[in-house]
Asks: 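Please see the structure below; I have some questions.
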Amino acid sequence: MQFSLFLHMERYPGDKSHQQLFEELCELVKIAEDGGFRTAWIGEHHGMQFTSSPSPVAQLSYLAAKTERIRLGAGTFVAPFWDPIRLAGEAALLDVISGGRLEFGIARGAYQFEFDRMTDGMKASEGGAALREMVPAIRGLWQGDYSHQGEVFNFPTTTSVPKPVQQPLPPMWIAARDPASHDFAVANGCNVMVTALMKGDEEVADLARKFNTACADHPEMERPELMFLRHTYVHDESDPDGWRPGAEALNRFYRYFMAWFKNDQKAIDGFFEPASEADVADNAEFDLETLHRNMMIGTPSELVQRLKGYEELGITEYSYWTDNTLPFEEKKRSLERFIKDVMPHFN
């Protein structure tokens with residue numbers, strides 16, 4: 001099993017400046033590289049302070065100059081927000097700048113708040129059409145002269161300038177949840193990234209089943225990689241209640257997540273108020289014990305056992321998700337514990 005880091009500048013009312021948050025993000029990536037993580041993933045979001053990430057290319061290009069080995073992943077570009085020619089060129093330029101370390105992740109998008117502002121109100125559920133056209137368009141542009149006539153994108157013959165360094169092409173990843181997305185990814189030779197969000201390991205097993213079904217349905221294709229993304233918090237073996245700060249932090253995080261997903265507030269300077277504790281009182285997924293059980297929260301030995309189970313499901317990359325509302329120093333301590341006490345159990 002490979003390990004990767006998934007992170008954003010995570011900002012809340014009264015928090016630090018974006019400059020300081022970016023410096024802390026870079027420090028976490030450097031710790032991950034020194035600790036043997038394969039990839040650092042940064043997503044794309046717009047107008048939302050709690051995931052301050054309008055340009056993964058800009059952040060990853062800076063990190064390319066500050067790191068040596070760790071691969072640099074867009075996790076993920078939101079297909080409906082992009083023109084294929086521009087995305088192909090910017091991603092290829094990142095591959096050039098980084099000396100061939102680009103991991104290209106793409107998704108249909110999720111937050112209606114963003115679609116209302118980036119796509120003139122397109123329904124977020126309709127973003128899959130852009131994703132399905134974007135994948136062949138990006139590959140065609142990277143390979144040479146290419147034209148595209150589709151329902152979403154239309155452009156005459158052109159090419160990506162520059163071209164990627166990696167041969168034959170940079171790895172492409174698709175964020176998938178439903179069976180059709182898994183099938184599309186495997187049929188098109190793309191790796192797959194999944195997350196169970198707040199759900200437990202039964203959801204992880206179901207996502208792995210969907211992936212395995214897609215692989216079985218396409219025996220002509222080489223089996224792609226399967227990455228699983230999960231909020232992670234490691235506490236010391238000697239502290240039996242050490243899980244509680246992690247669970248409390250993720251309760252806060254997902255109350256913010258719920259508010260943004262519901263999209264029924266007026267954003268003030270990019271901030272929403274989180275869903276209240278009363279709003280989630282009847283939702284068992286917000287219970288601290290449930291969060292302890294469902295999220296990757298625990299001692300190193302507990303996490304090793306969970307990860308071994310994921311390995312048996314066929315997951316080839318585990319992505320350690322840092323977003324959780326905790327202070328930077330606590331995020332840093334947890335990541336260092338993971339590197340020191342969990343990763344040595346996997347070769």
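These figures come from a predicted structure and were not determined experimentally. Side chains included, hydrogens not; waters and symmetry mates left out as well; all remaining heavy atoms used.
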Asks: Under the criterion ring pair (Phe, Tyr, Trp, His ring centres under 6.0 Å), I'd like the reasoning laid out for Y256 against Y12: C-alpha separation, chi angles, the key distance, then a yes or no.
Replies: CA-CA 10 Å; Y256 277 104; Y12 303 97; 4.7 Å; yes
Asks: List the steps and the verdict of salt bridge (charged side-chain N to carboxylate O under 4.0 Å, His left out) for E336 and R333.
Replies: CA-CA 5 Å; E336 290 171 339; R333 280 192 294 270; over 6 Å; no
Asks: Give a yes or no on whether E151 atom CD has more than 12 heavy-atom contacts from other residues, nucleotides or ligands under 6.0 Å away.
Replies: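 No - once you tally the heavy atoms of other residues, nucleotides and ligands closer than 6.0 Å, there are 12 at most.
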Asks: Would you say the side chain of V29 lies within less than 4.5 Å of the side chain of C26, judging by non-hydrogen atoms?
Replies: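 Result no, sub-4.5 Å side-chain heavy-atom pair not found.
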Asks: Are R209 and D206 close enough, and set up right, to give a salt bridge (charged side-chain N to carboxylate O under 4.0 Å, His left out), and what steps lead you there?
Replies: CA-CA 5 Å; R209 179 190 59 78; D206 188 57; 2.7 Å; yes
Asks: Decide if the gap between the ring center of F3 and the ring center of F346 is smaller than 6.0 angstrom.
Replies: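 Ring-ring flag for F3/F346: true, centres closer than 6.0 Å.
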Asks: Counting distance only, does the side-chain N/O of D145 pair as donor-acceptor with the main-chain N or O of T159 below 3.5 Å?
Replies: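 Checking the backbone N and O of T159 against the side chain of D145, no donor-acceptor pair under 3.5 Å is found.
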Asks: Minimum heavy-atom separation for L141 to P84, with atom names?
Replies: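 Heavy atoms of L141 and P84 come nearest at CD1-O, 3.6 Å.
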Asks: Do L93 and I42 belong to the same hydrophobic cluster, where Ile, Leu, Val, Met, Phe, Trp and Tyr are linked whenever their side-chain heavy atoms lie under 4.5 Å apart, directly or via other members?
Replies: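 As far as the 4.5 Å side-chain criterion goes, I42 and L93 are not connected within one cluster.
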Asks: State, without any angle test, whether R11 and T51 hold a side-chain donor-acceptor pair at a distance under 3.5 Å.
Replies: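 There is no such pair (donor and acceptor under 3.5 Å, judged by atom type) between the side chains of R11 and T51.
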Asks: Closest heavy-atom contact between A259 and Q265?
Replies: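 Scanning both residues completely, I find the closest heavy atoms to be CB-NE2, 3.7 Å.
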Asks: Got a donor-acceptor contact below 3.5 angstrom from the T290 side chain to the F286 backbone?
Replies: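 Judged by distance alone, no pair lies under 3.5 Å.
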Asks: Are E33 and R38 close enough for a salt bridge, meaning some N to O gap below 4.0 Å?
Replies: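 No, no charged N to carboxylate O under 4.0 Å.
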Asks: Determine, for E27 against K30, whether the closest basic-nitrogen to carboxylate-oxygen distance falls under 4.0 angstrom.
Replies: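 Salt bridge absent between E27 and K30.
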Asks: Does the side chain of Y310 pick up a donor-acceptor pair with the side chain of E312 at under 3.5 Å?
Replies: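 Distance-only check fails for Y310 and E312.
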Asks: Determine whether more than 12 heavy atoms belonging to other residues, nucleotides or ligands lie under 6.0 Å from atom CD of E273.
Replies: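 No, the 6.0 Å shell around CD holds no more than 12 heavy atoms from other groups.
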Asks: Tell me, with the steps shown, if Y233 and H231 meet side chain to side chain donor-acceptor pair (under 3.5 Å).
Replies: CA-CA 7 Å; Y233 177 76; H231 295 278; over 6 Å; no
Asks: Can you spot which of W321, W173, Y318 makes a ring pair (Phe, Tyr, Trp, His ring centres under 6.0 Å) with W41?
Replies: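 Testing each of W321, W173, Y318 against W41, the sole residue satisfying ring pair (Phe, Tyr, Trp, His ring centres under 6.0 Å) is W173.
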Asks: Say whether, by atom type as modelled, one donor and one acceptor occur between the side chain of K210 and the main chain of A205 under 3.5 angstrom.
Replies: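 No.
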Asks: Quick check on R86: does its CZ atom have over 12 non-hydrogen neighbours (other residues, nucleotides or ligands) under 6.0 Å away?
Replies: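 12 or below, so no.
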Asks: Does Y62 form a ring pair (Phe, Tyr, Trp, His ring centres under 6.0 Å) with F22? I'd like the steps, not just the answer.
Replies: CA-CA 11 Å; Y62 179 89; F22 182 63; 5.3 Å; yes
Asks: Answer yes or no: is there a donor N or O on one side and an acceptor on the other, between the side chain of D183 and the main chain of A214, under 3.5 Å?
Replies: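 Side chain of D183 to backbone of A214, a donor-acceptor pair under 3.5 Å: no, none is there.
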Asks: The criterion is ring pair (Phe, Tyr, Trp, His ring centres under 6.0 Å); which residues satisfy it with F153, sequence neighbours excluded?
Replies: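 Here no residue qualifies.
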Asks: Would you call N191 and L226 a side-chain contact if the rule is heavy atoms closer than 4.5 Å?
Replies: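 No, every pair of side-chain atoms sits at 4.5 Å or beyond.
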Asks: I want to check something: taking the side chain as every heavy atom from C-beta on, are Y320 and R230 in contact at a cut-off of under 4.5 Å?
Replies: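 Side chain of Y320 against side chain of R230, heavy atoms only: no contact under 4.5 Å found.
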Asks: For a 4.5 angstrom cut-off between non-hydrogen side-chain atoms, does Q49 reach M9?
Replies: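 No; the side chains remain at least 4.5 Å from each other.
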Asks: Which heavy-atom pair separates I297 from G246 by the least distance, and what is that distance?
Replies: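 The answer is CD1-C, 3.8 Å.
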Asks: Applying salt bridge (charged side-chain N to carboxylate O under 4.0 Å, His left out) to E10 and K331, what does each step give before you reach the verdict?
Replies: CA-CA 12 Å; E10 185 184 2; K331 290 183 179 183; 2.5 Å; yes
Asks: Applying the 4.5 Å side-chain criterion to the ILVMFWY set and letting contacts propagate, would L7 and F228 be lumped into a single cluster?
Replies: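 Yes, because L7 and F228 connect within a single hydrophobic cluster, where side-chain heavy atoms sit under 4.5 Å apart.
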Asks: Please confirm whether the backbone N or O of S181 pairs with a side-chain atom of R108, one donor and one acceptor, at under 3.5 Å?
Replies: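 Here the side-chain-to-backbone pair does not exist.
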Asks: Begin with the C-alpha distance, continue with both residues' side-chain angles, and end with the deciding distance and a verdict on salt bridge (charged side-chain N to carboxylate O under 4.0 Å, His left out) for E277 and R252.
Replies: CA-CA 9 Å; E277 293 185 6; R252 288 192 299 273; over 6 Å; no
Asks: Under 4.5 Å between side-chain heavy atoms, counting indirect links through other Ile/Leu/Val/Met/Phe/Trp/Tyr residues: same cluster for L229 and L326 or not?
Replies: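 Yes, same cluster.
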Asks: Flag the pair F77 / F104 as yes when their ring centroid distance falls below 6.0 Å, and as no otherwise.
Replies: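 Ring-ring flag for F77/F104: true, centres closer than 6.0 Å.
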Asks: State yes or no: do V204 and M295 share one hydrophobic cluster built from I, L, V, M, F, W and Y residues joined by side-chain heavy-atom distances below 4.5 Å, directly or via other members?
Replies: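 Hydrophobic grouping puts V204 apart from M295.
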Asks: Only one of H8, E44, Q59 clears side-chain hydrogen bond (donor to acceptor under 3.5 Å, both in side chains) with S53; which?
Replies: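 Of all the options given, the one that passes is Q59.
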Asks: Closest approach of W142 and A91, non-hydrogen atoms and distance?
Replies: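 That would be CZ2-CB, 4.0 Å.
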Asks: Taking all heavy atoms of G73 and all of T39, pick out the closest pair and write down the distance.
Replies: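 That would be N-CG2, 3.8 Å.
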Asks: Using atom types as modelled and distance alone, determine if a side-chain donor or acceptor of S276 lies under 3.5 Å from a backbone N or O of D279.
Replies: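 Side chain of S276 to backbone of D279, a donor-acceptor pair under 3.5 Å: yes, one is there.
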Asks: As a quick check of understanding, evaluate side chain to side chain donor-acceptor pair (under 3.5 Å) for Q112 and N263, giving each step before the final call.
Replies: CA-CA 7 Å; Q112 189 61 47; N263 190 33; over 6 Å; no
Asks: Is it true that F113 and F261 have ring centroids separated by less than 6.0 Å?
Replies: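 No, they do not, as the ring centres are separated by 6.0 Å or more.
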Asks: Assigning hydrophobic clusters by single linkage (Ile, Leu, Val, Met, Phe, Trp, Tyr; side-chain heavy-atom cutoff under 4.5 Å), is M221 placed with V194?
Replies: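 No: no chain of side-chain contacts under 4.5 Å links M221 to V194.
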Asks: Does NZ belonging to K199 count more than 12 external heavy atoms closer than 6.0 Å?
Replies: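 No, the 6.0 Å shell around NZ holds no more than 12 heavy atoms from other groups.
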Asks: Going by the angle between their ring planes, with limits at 30° and 60°, are F37 and F338 parallel, tilted or perpendicular?
Replies: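 Aromatic pair F37/F338 classed tilted.
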Asks: Does CG belonging to D120 count more than 12 external heavy atoms closer than 6.0 Å?
Replies: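 No - once you tally the heavy atoms of other residues, nucleotides and ligands closer than 6.0 Å, there are 12 at most.
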Asks: Name the orientation class of the two ring planes belonging to F257 and Y254 (parallel below 30°, tilted from 30 to 60°, perpendicular beyond 60°).
Replies: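 Perpendicular, since the angle between the ring planes exceeds 60°.
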Asks: At their closest point, which heavy atom of L28 faces which heavy atom of L5, and how far apart are they?
Replies: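 L28 and L5 have their closest heavy atoms at O-CD2, 3.7 Å.
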Asks: Check this for me: does any side-chain nitrogen of one of E24 and K332 sit under 4.0 Å from a carboxylate oxygen of the other?
Replies: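 No, E24 and K332 are not salt-bridged.
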Asks: Does the separation of the ring centres of H235 and W243 fall below 6.0 angstrom?
Replies: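 No: the rings miss the under 6.0 Å criterion.
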Asks: Report yes if some heavy atom in the side chain of L307 is under 4.5 Å from a heavy atom in the side chain of M1; otherwise report no.
Replies: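 Yes, side chains in contact.
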Asks: Checking ring pair (Phe, Tyr, Trp, His ring centres under 6.0 Å) against H46, which of F115, W82, Y111, F81 comes through?
Replies: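 Testing each of F115, W82, Y111, F81 against H46, the sole residue satisfying ring pair (Phe, Tyr, Trp, His ring centres under 6.0 Å) is F81.
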Asks: Kindly say whether T299 contributes a backbone atom to a donor-acceptor pair with the side chain of E302 at under 3.5 angstrom?
Replies: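 Flag set: sc E302 to bb T299 pair under 3.5 Å.
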Asks: Measuring only between side-chain heavy atoms, which start at C-beta, is E103 closer than 4.5 Å to L72?
Replies: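 A side-chain contact under 4.5 Å is absent here.
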Asks: Do NZ/NE/NH1/NH2 and the carboxylate oxygens of R306 and D201 come within less than 4.0 Å?
Replies: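 Salt bridge: yes.
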Asks: What I'd like to find out is whether the side chain of L63 reaches to under 4.5 Å of the side chain of L25, using heavy atoms alone.
Replies: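 The answer is yes; the side chains approach within 4.5 Å.
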Asks: Is there a donor-acceptor pair under 3.5 Å between the side chain of N283 and the backbone N or O of E285?
Replies: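 Such a contact is found between N283 side chain and E285 backbone.
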Asks: Checking the side chain of S160 only, and the main-chain atoms of K163 only, is there a donor and an acceptor separated by less than 3.5 Å?
Replies: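 Looks like no, no N/O pair under 3.5 Å.
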Asks: Is any side-chain heavy atom of E237 less than 4.5 Å from a side-chain heavy atom of P300?
Replies: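 In contact.
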